[in-house]
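Have a look at the structure below before the remarks.
Atoms within each ligand, like the ligands themselves, are counted from 1 in listed order. Quick caveat, the model's predicted, so the values are computed rather than measured. Values below: every heavy atom of this structure, side chains too, minus hydrogens, waters and symmetry copies.
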Amino acid sequence: MSSEDAEADRALKAKHKALWSSGDYPAVASEVIPATGPRLVEACNIKAGQRVLDVGAGSGNAAIPAALTGADVVASDLAPALLEVGRRHAEDQGATLEWQEADAEALPYGDAEFDVVMSCVGVMFAPHHQAAADELVRVCRAGGTIGLLSWTPEGFIGQMFATMKPYAPPPPPGAQPPPLWGDEEHVRSLLGDRVTGVEARKEMLTVDRFDSPEEMRDFFKRTYGPTIAVYKNIAEEPDKVAGLDNELAELAAGHFDGGAMSWEYLLLTATRS
Ligand SMILES: C[S@@+](CC[C@H](N)C(=O)[O-])C[C@H]1O[C@@H](n2cnc3c(N)ncnc32)[C@H](O)[C@@H]1O
C-alpha cells in the first residue's frame, strides 16, 4: 500500500470508529439482537478450553456467551468505546475475556492462533471484504472453525441500508456494501479453497422490542451509528429527512408480523483447510 493509500485508510477507519461510537450501539446489541450472539456461539460449537477470536465484537454480544462456555476468548473491535461497555457487561455476568482494539483488515495476531474465528454482524462492516476475509482465514488454525452471522441483502437490515443509500454520502472508492456478506456465494468466493465443509443457512431473528414501525425507526435514529450518520448528512434538508422518515417506517411496517419483526441473516460456518 502506498503511503497515500495508507493515510486514506487510516482516515476511513477513524471515521468508522467515530460512527460506531456514536449513539448507543450497546443498546441495539442488548435490547434488539441479543439472540444472535449465542446463536453464533452455538453454531460454532464453542467449548471450554478453545481459543476463540471475535472480530468486530462490539460490546460482546457473541464474545461474552463464548467466554461463558469456558473458552479462552479475545473480543476485538475497531471502537474501544464499545469494548469498554463490553468489559462492564462481562464483569456483571461473571465472564472473563480479553478486549482488544483491532482493525479486522489488519489483525494484530499470529497465523493460526485461534481454534475458532467468528464475527456476529461485525466483519461485514469492514470496507474491504477480501482483506478482511484473508485475515479471518490467516489467524484460524488448520481444522479450526470460521463462523459468520451476517444480515442478508434481502432481509430487513440489508433493505434498511439500501433505503438509506440515496441519502448517504457516496462511499469511499473501493469500499464494498456490508450486506454482501449475507450473500452465500460472495462469502464462499472470499474464503475460496482455504476452507472446506461450508454450511450456510438463512434464519430469521425475531425482534419484539418495538410496538410500531415508527418506534423502531426512531430508536435506530438515536442509537445506530450508520443511521445517525445518514440523517446527519441530510440534516439541513427537511424534505429529505421527511422522505427518509417515511421510507424507513414503511420498510419497517413491511417486516412486522403481528407484534414482532423478523430480520433475516445468513449463518455460515466453515472449516479451515
Ligand atoms: C453491528 S456492530 C456488531 C457488534 C457485535 N458483534 C454484536 O453482535 O453486537 C458492528 C461492529 O463492527 C465494528 N467494526 C466496524 N468496522 C470494523 C473494522 N474495520 N474492524 C473491526 N471492527 C469493525 C464496529 O465498531 C461495531 O462494533
Side-chain angles (χ1 to χ4, degrees), residues 8-44 52-67 73-87 89-90 97 99-109 117-136 139 147-151 155-158 160-161 171-172 174-179 181-182 205 207 209 219-220 223-229 263 265-267:
D9 193 59
R10 267 195 295 278
L12 178 60
K13 298 294 166 50
K15 208 168 126 192
H16 286 181
K17 189 192 287 197
L19 178 145
W20 286 105
S21 307
S22 68
D24 186 4
Y25 180 74
V28 177
S30 50
E31 295 178 34
V32 185
I33 65 159
T36 51
R39 178 70 189 104
L40 179 60
V41 169
E42 179 191 40
C44 292
V52 176
L53 176 66
D54 186 6
V55 177
S59 46
N61 183 30
I64 294 173
V73 178
V74 179
S76 68
D77 197 280
L78 196 59
L82 298 180
L83 296 174
E84 266 316 305
V85 177
R87 204 188 295 272
H89 287 180
L97 61 158
W99 302 88
Q100 189 166 33
E101 181 174 347
D103 180 357
E105 296 176 6
L107 293 171
Y109 309 109
V117 179
M118 65 173 178
S119 189
C120 183
V121 297
V123 72
M124 64 183 293
F125 292 100
H128 307 106
H129 294 187
Q130 193 62 62
D134 290 351
E135 284 295 81
L136 301 177
V139 301
L148 303 167
L149 190 154
S150 312
W151 303 122
F156 175 69
I157 295 287
M160 189 180 81
F161 275 90
Q176 290 171 284
W181 280 87
L205 172 72
V207 174
R209 164 68 177 74
F219 181 88
F220 265 55
T223 58
Y224 191 64
T227 308
I228 293 169
W263 295 5
Y265 58 83
L266 179 75
L267 181 58

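In this structure Ala229 satisfies the side chain to side chain contact (heavy atoms under 4.5 Å, CB included) test together with Leu19, sequence neighbours excluded.
Across all their heavy atoms, Ser22 and Gly225 have their closest contact at OG-CA, 3.6 Å.
Using a 4.0 Å heavy-atom criterion, the residues that approach ligand 1 are Trp20, Tyr25, Ala29, Gly56, Ala57, Gly58, Asn61, Asp77, Leu78, Ala79, Leu82, Ala102, Asp103, Ala104, Cys120, Val121, Gly122, Phe125, Ala126.
Contact annotation: the side chain of Glu101 never approaches that of Pro108 to less than 4.5 Å [non-hydrogen atoms, C-beta and beyond]. A heavy-atom distance below 4.5 Å is found between the side chains of Val32 and Phe219.
Side-chain N or O atoms of Ser21 include none that pairs as donor or acceptor with a backbone N or O of Ala79 at under 3.5 Å.
At a cut-off of 3.5 Å, with distance as the only test, a side-chain donor of Thr36 or Asn61 sits close to an acceptor on the other residue.
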